Amino acid sequence: MSFEHELLEQRYQKIRQLEELGFAAYPRKYAYTHTLGEIRQRYDNAGSEELAAARVGVRVCGRLLTVRRQGKAGFAHLMQGGDKLQIYVRQDAVGERDFNLYKMLDAGDIIGAEGYLFRTKTHELTVHVEKLEFLSKALLALPEKWHGLHDVETRYRQRYLDLISNPEVRRVFVKRSKIISALRRTLETHGYIEVETPMMQPLYGGAIARPFVTHHNTLDIDLYLRIAPELYLKRLTVGGLDRVFEINRNFRNEGVSTQHNPEFTMLEFYQAYSDYRDLMDFSEELLREAAAAAGDGATRAQYGEHCLDFSKLARLSMKEAIVELWPDDPTRPTPSDLADARRVAELVTAHNSNAEEKIVLPPGASLGESIGLLFEHVCEPRLIQPTVVYDFPVEVSPLSKNKPDDPAWVERFEIFAAGMEIANAYSELNDPQEQRRRFQSQVALRERGDVETHEMDEDYLRALCYAMPPTAGEGIGIDRLTMLLTDSKSIRDVILFPLLRPEGEIGIAEQLRKLNETGS
RNA sequence: GGGCGCGUAGCUCAAUUGGCAGAGCAAGUGACUCUUAAUCACUAGGUUGCAGGUUCGAUUCCUGCCGCGCUCACCA
């Protein structure tokens, strides 16, 4: 028999033993008077005399973290909701039955304790227990109490253990929730309504990516997990939902990395009768509110070695960004150079002669594609402070409206921070004829074998034919924003259950079955 | 998918040039009525990820596989 199974069996026996003491193995509820957090908040500053005089009675509950037994008395720490509180159990205060329970408790068990608050000799706020209640048994041992759980695979697969033993992990996900809540509140303040559009779509679109495919049995049709909600949300602006947003998952059948998970959370919002400049202003407010929510009011966030200031967004056109962020050397271009295909080709060569990451121009690359690649390589890594970069080449922006004064460029912006793209927005294309042409060219690419292109979405074209108001739309990557605001290096640290390969046989069912046979 | 790295007790980690697989925590027994990584004594706990190979001898060297991490490519 393995040691692990031996532990399991010992602890399983303890369930029978505590039942013999008259405790239920899995009782229904525990009526606590305070959360541990409430007690800490209210009494952390109360002195010994004050507590003794008030004799504050409490019923608290939580998971047992550490137990320190010393004969006929002992201490333990409870944890609940990320807060800890010490309890003091002595036989003459709780009686023999409850003290017998205390003696057989293990770290990880969940208990309730009733008593009064006092301060120990070392001034720690503690519950002097008068009645102990058993609530649930930890049959498996918790990770090591001092070093905690480090194994990255176990942390992701068994996130509950990570949450128990690494307090910082809990803080990250609490912040994530606050960030989403702040975004939602800010959108609602501006008259937005939240909607949910299909995740399973007969045609996928709204982004350039490979989809996951699934199947509906009764209808006998293949469906795609959405790569973006965009085309559905824009249908809603046709329907008169002038300000809509959706916070939900997108699925893209692509590689995983520290910045990519196959399912990820996106905020998308659309605002009718507005253009991309309106969204620049609004984005500033959204990000400021999100940062403040994560930072307890502070709009600065430490990310690695950088202090990111979300109180405002710097703004640069793409052309300005290339000129301004170009290394300070004689090859630096002037704005007019970027209108000249030959000069741009020289700039690519100049960049490649110094840079580690070379730009590889696809055969027959257009001026716009070249500028887009120049921007990615020259500027993206240098965009540390939150920055709006606006006006993109039309060739790299199939869904945006052209600029009225220069059809080579479109009304689009992206927001960067710490070298990472966190938002993408544009004045939405609402001319059905132009939209048909762009679908058509995508279909042509598809026939040449490009699997990531759009299909012709006639239902969407029909919607545009009923007139979509001029509209601006934006997507903000919630996971990446959360990374920035929680100082997380990997997207897996802000997703509770990131995609991993299945683990295979765990064997716990068989072990429990054996216990059931031998233990009864 | 490519490159690099890691995998030793439930957890966190050691193991000299290839020479008897160890420690702390967790666990069991005992002592202890203000401890807090409680302490003290004793006990138990291992197919060194899996499968091969080289060798008198492999945790250590080699090959393949599995899992994870980092990174590149794709992408947000």
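The figures here come from the full heavy-atom set of this structure, side chains too, leaving out hydrogens, waters and symmetry mates. Note that the structure is a prediction, hence the values are computed from the model and not measured. Chain letters run A, B, ... following the sequence lines, proteins first, then strands; residues in each count from 1.
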At under 4.0 Å between heavy atoms, what does A:E153 touch on the DNA or RNA strands: base, sugar-phosphate, or nothing?
sugar-phosphate
In residues 66-82 of chain A, what residues come within less than 4.0 Å of RNA chain B, judged by heavy atoms?
A:T66, A:R68, A:R69, A:Q70, A:G71, A:K72, A:A73, A:F75, A:H77
Counting only heavy atoms and a strict 4.0 angstrom limit, can you tell me which residues of residues 48-57 of chain A come near RNA chain B?
none
Within the stacking criterion (centroid distance below 5.5 Å, interplanar angle below 30°), does A:F264 stack on B:A76?
yes
For the pair A:K137 and A:D106, find out whether any cationic side-chain nitrogen is under 4.0 Å from an anionic carboxylate oxygen.
yes
So, are A:E428 and A:K234 salt-bridged, with charged N and O less than 4.0 Å apart?
yes
Taking every non-hydrogen atom, the tightest pair across A:L132 and A:A113:
CD1-CB, 4.1 Å
For A:E376, is the CD atom crowded, meaning more than 12 foreign heavy atoms sit under 6.0 Å from it?
yes
Hey, is the side chain of A:D92 pairing donor to acceptor with the base of B:U33 inside 3.5 Å?
yes
So if I take every side-chain heavy atom of A:E421 and compare against B:A76, B:C34, B:C70, which nucleotide ends up nearest?
B:A76
Residue A:Q10, side-chain atoms from C-beta onward, closest of B:G24, B:U33, B:A27
B:A27
Separation of B:C70 atom P from A:Y156 atom OH, nearest Å, is 6 Å
